[in-house]
Every structure is written in C-alpha cells, then in structure tokens.
Amino acid sequence: MAAAALLFPLLGAAPSDARNSEGRLQSAFASAAAEYHVPQSVLLGVSYLQSRWDAHAGAPSATGGYGPMHLTDARTALAEGPPHHSDGSEDARGDSARAPLLPEAKPPKTSEIPARLRTLPKAAELTGLSAQQLRTDPAANVAGGAALLAAAQKELGAPLSSDPADWYGAVARFSGAEDTATARAYADDVYDVLRTGQKRATDAGQLVALAAQPRLSPDTGQLRRAGLRTLDSAGTECPTTVSCEWIPAPYKQFGDGDYGNHDLADRPASPGIDYIVIHDTEGAWEGVLTMVQDPTYVSWQYTLRSTDGHIAQHVKAKDVAWHAGNWYVNAKSIGLEHEGFLARPDAWYTEAMYRSSARLVTYLAKKYGIPLDRQHILGHDNVPGPTASTVSGMHTDPGPYWDWRHYFELLGRPFAATAGPNGGLVTIRPDYTTNRPRYTGCVSAGQPCADHGSSAVRLYSGPGESYPLIKDVGLGSTPTTGVNDLSSRVSTGQQYAVAGRDGDWTAIWYLGQKAWFRNPKQNPTAVNATGLVATPKDGLRSVPVYGRAYPEASAYPADVPAQAVSPLPYTLPAGQRYAVGDRVPGEYYYAVTFAGPHRVVVGKDLYYEIQFGHRVGFVRAADVRVVSSGS
C-alpha cells in the first residue's frame, strides 16, 4: 500500500533509536494527514487525547491500546500481556472483612470484545499495514489513526474537508463510544486541545507541537447523524463536562444478617467529606462493573474507563462506600477507581481518562469544600492502616506510575515552589518522564520491571545510593525495590520537613527517621515550600501516631460501643517536624447493621493529619505544637 511506502521511511529506525530522530514523529503526522485527507491538527489533537503522542515502545495500554493513536487490540494485549497482579488483599470496611480478588483476565472471544477495544484490526484493513506494524511502528500507527478518522468521516456522509471544524462527528466516532454523551465529551476534549494547543517531548524524545486555534468552533450538530444511543445519566452526581451513567452498587441483606456493599449516611452533614481517594481497578472495565454490583464485594463511588474517560457512578456521595481499607477514611471520603494496573508500567493511562477524572475531582472538591492538595486527594497507597495489625496489608495503588504531576496540572493546582531555600518544607516534584527509579516484581518476584517514568522518588538512610534504603518499622521487613514496597519512597506532591542538605542530596523527616533523596540543583526532584508543621510539645521525647482520628472513650453514648484509640507502631520523636494537613475532631461513624441505627460520634479530642511517611497519619493535638515550617 502507498501508506507503507510513504510512512515507514519517516521514522526509519527502530523505536529504540527514536530519541535520535527529533521531528520525525511530527513529519509522520503531516504525511498521514496528507495521505488520508485528514486535517493535521485534528490528527494531532486526537492523538494527544489518546496518548499525549507517546508510543510507549509498542507496549499496550490498560485497555490494549497501542501507539500514539491508541489503536486498540484487546485480544492480543490480553493474550501477550503479563499475568494479573494484585496490589494486596482488600479490606472492605477497614475492619476485618476480606473480599475476593478480581479473577485473572483471559483472552475473550472476538465477538465478546467491544468495538472500542478492537480498532487496530480495522485500521489494518483500511491501510493494508500489518497488525504488528500498527502496534510497534509509530508512523504506521499514526497512519492507522488517520485512516480510521477518514473512514468515520465518510460513514457520516461528510466530505474530507481541510477545515478542522468539519470533523467533530468523526472525532466523536473515533472514541468508539456507543452513546452520544461519551462521544460528545471525548470530542469536546479533543477540540479543547485544538483550541489551546500543545507542545511536548514524547517518551521517545520526539518534539511534537500543535498550534493553538483559539477561535475554532466545530459543527457539533454532526453528532446527531452518528446513530449513537442516548445515555441515561439520571441520578448521577457528575459535572456536565463528562459522560456519566448510574450503575448502582447493591444495598441489600444477604445470609446470616450480612449486607452489602456500602452504608447509608447523610454526608456531608453527617459525617463530613474530607478526602478523595484515587485507586486503580486491577481489572478491565466490564469485570470491574460486575464486581461492584456484587453485594458480597466492596464498593466505591465512581469507576472511570480508560479508552474514553467515561464514568459510572455506583454509590451516592452522601453514602459511605467500602474502598479504602480504613473505616475512618471510608466514612469521610469518596473513592474513584481508574481502569488500570499498578504493576504494569507500560499499561498506561489515557489522557482522556486523566482529564475526565480531573474534571470529576474538581467538581467534587468544589461541592464539598475539599482542598486540592496531596493530603486530601490521596492515593489508596497514602491511606494509613487503621491499627498496627493492618499496616502490612494496606493497598499500594495507584502506584509509582500514576502521573500525579500531570494530574494536578489538570486540576489547576500545579506543584510549584512557594518559598526559598529556608522555607522549611519541600514538595516532591520530579520530572515524570525522566525520573526512572528501578523497580522489581511487576511480572515475577525479584525481576526488574520495564524501564518507565515515575512519580515516586527513592529514599536512603544517608546522602548517597550506597546507603541502605529507609526501613518502615511498621512493616517489619527489609526494604526492597519491589513495586509494591512503600518502605522507602515518596510521591509527587507530598510535602515533608527538611532535615538537612548535603550537595545534591536533601534529607527529610520520614517515619521518625532522617531520609535522604537525590535532589540536584540542575534537575531537582523537589521544590521549596512553606507551611505548618507538627512537632512534639516541650518535654515529650516522642508522641504516638495513629491511623485514624477516633474520639475518646467518654464521647460514646451507651448504645454505641467505644472504639479503641490504638496507636500505630510509629512515634514522632522530639526534634522532628511533619507537614500538617487538617485539624479535625475525633469522629466515628457507627454503621454495623443493615437497618441501623447509624450514628456519628464526635469527641472533644482534636487531631492533626500529618504527612508522616508515604502514607498520612494522625497525631493528637494535645501532644504536639504546630509552628511555621520556616521558624
């Protein structure tokens, strides 16, 4: 085919040589656009929303999408991909109930795979290029995407116009969405990219640019000719800028007086909503929706689909879902599951899902007064074990490959320096693409994971990589570079008090220890900040750290069993400081039966949330002084 002859010389070298071929990917977009009579800006805009123009060295995304155009071939991805890897056992309510893991995925029959997950075979038919070429050669992949866009335009009975405004319907169809709302949200995002423009270096070192067209106004009426179903969004709590449907989790009794899989409440009036918790699903969309509708499984408020950012809501925000493995956090949080896998670094998240998630979180944060910072927008890996016995079983998703820096840029809260070198705090902020700490255990124990960008930074017991890794006494195990081992790493956006500096190395207070990370001036992995810090009151050698902020025993009425104020196996020693998040009263939501009563117990004891290690923790206000980090 002409496409093959025209495009392959553009990239020529194997993907491993792409870093030495700046500009060739941009040329591939230009060539494919000319070959298939698609406006180059439209092709670039669609690709940006799919992959941010990254090729991921031919590895498939979480939903089996390949290359800059995220051409999907789910059957091949499932057949060739690594085995399902869980991030740990699920503690449903944060008490003792354990839920089954998602079943290991098996390659389905082609007829069972949704159309949105098999666009690559169609691209192969249209271009004459092989499936292997479309998966591994970025230029071929771009050609496949251009062919699909042109075919969608023709199917709509529209001309192959040179005006980007005439391609709204084809862009919407490219998403593979089966309903109008999802297709519209996807197309709106693409045209937002076209209006604002983008420029970045890809994961292969390719510089790609898309000029802004701020006055671009697409013909949105084309979507009416797409023949898509109408999505029932009744009952959902989502912003209008995303597609959202209601797929409820069950609240019903089953066997032996048990019930599932969430609790009714009256939030934010009782209890309040203070956190949003980011998870990954460790399973594919269809299977995850099946699990959340099982009353014997756990629950969460929202699931987000990788291919197009579509959202399903399962539990009302007013009610308490069982998702975080810590009942205190469950009672005061909203849980978001993102289709993806922690231990598959190249099973990347699409830009469409990042943007949809950011819009949802922005909406929820504004509605419930939740600060947009990393002590309120938590990963599941930042949620503390509620008691000492649960510390080792807490989850570690979304893990080191979730791009927190980009996510907070989409939230409109980019991590920036807020102080000079004497501010007393640092905000962790490595460059995701070039920050590549080595991990093991993604496929099998002890074996190296694929080299990949990361949001996490590793910690050592001295100013150099020859020193031992920091040990987490709560885990009681020797720290490793395992992808699920949180002993000795911090994550983008987290803030810590500075404990020292030595050349290119910075020390912070972490889990009661001085922990060091590489932070060169020319390529810093953290920026200076200022804020409030907690330190033990004068005369105290150390103070206990808690995984939940529960009331004192005297606060409980006679008909509500008092919950233990149980410290974790950590202490905050005198002379150390930790960044403060919130000041909160001790609070416990009593909800242990189907019919009630459901009660909120609020005590007089106050707590401060602190960034203690990789996870947050709580200290009693009576035990600490809170001062400015710069003092």
Polar contact flag, side-chain donor to acceptor under 3.5 angstrom, D431-T433: no

Hey, does the Lys NZ or Arg CZ of R458 hover above the aromatic six-ring of Y439, less than 6.0 Å from the centre and inside 45° of the axis? yes

Under 30°, 30 to 60°, or over 60°: which ring-plane class applies to W300 and Y297, parallel, tilted or perpendicular? perpendicular

Check the pair K316, D319 against salt bridge (Lys or Arg N to Asp or Glu O under 4.0 Å), reporting the backbone distance first and the verdict last. CA-CA 5 Å; K316 295 289 187 181; D319 296 327; over 6 Å; no

Distance col, row T396:OG1 vs N484:CG, nearest 0.5 angstrom, shows 3.5 Å

Working for side chain to side chain donor-acceptor pair (under 3.5 Å), residues R583 and Y608: CA-CA 5 Å; R583 183 173 183 261; Y608 287 104; 3.3 Å; yes

Evaluation steps, side chain to side chain donor-acceptor pair (under 3.5 Å), between S629 and T530: CA-CA 6 Å; S629 61; T530 187; 3.3 Å; yes

Determine whether H338 and H279 satisfy the following criterion, ring pair (Phe, Tyr, Trp, His ring centres under 6.0 Å), listing intermediate values before the conclusion. CA-CA 6 Å; H338 298 78; H279 306 256; 8.6 Å; no

Between Y349 and W402 (judged by ring centroids, cut-off 6.0 Å), do the two rings come close enough to count as a pair? yes

Please work out whether the ring planes of W327 and Y589 are parallel, tilted or perpendicular, with thresholds of 30° and 60°. parallel

Ring centroid separation for H314 and Y302, is it under 6.0 angstrom? no

So, applying side chain to side chain donor-acceptor pair (under 3.5 Å) with W322, which one of D263, N330, N261 is it? D263

Assess whether salt bridge (Lys or Arg N to Asp or Glu O under 4.0 Å) is satisfied between K332 and E587, documenting all intermediate values. CA-CA 10 Å; K332 301 180 73 62; E587 185 174 306; 3.1 Å; yes

If you measure from the Lys or Arg side-chain nitrogens to the Asp or Glu carboxylate oxygens, is any gap between D381 and R615 under 4.0 Å? no

With distance as the sole criterion, is a donor-acceptor pair present between the side chains of Q494 and Y496 under 3.5 Å? yes

Do we see a donor-acceptor contact under 3.5 Å between the side chains of D582 and H376? yes

Relative to the ring of Y407, is the ring of W404 parallel (under 30°), tilted (30 to 60°) or perpendicular (over 60°)? perpendicular

Does the separation of the ring centres of Y570 and F612 fall below 6.0 angstrom? yes

Verify the ring-centre separation between H452 and Y401: is it less than 6.0 angstrom? yes

What is the ring orientation for Y354 with H406, classed by angle as parallel under 30°, tilted 30 to 60°, or perpendicular over 60°? perpendicular

For Y578 and Q576, which I'm curious about, is there any donor-acceptor pair between the side chains at under 3.5 Å? yes

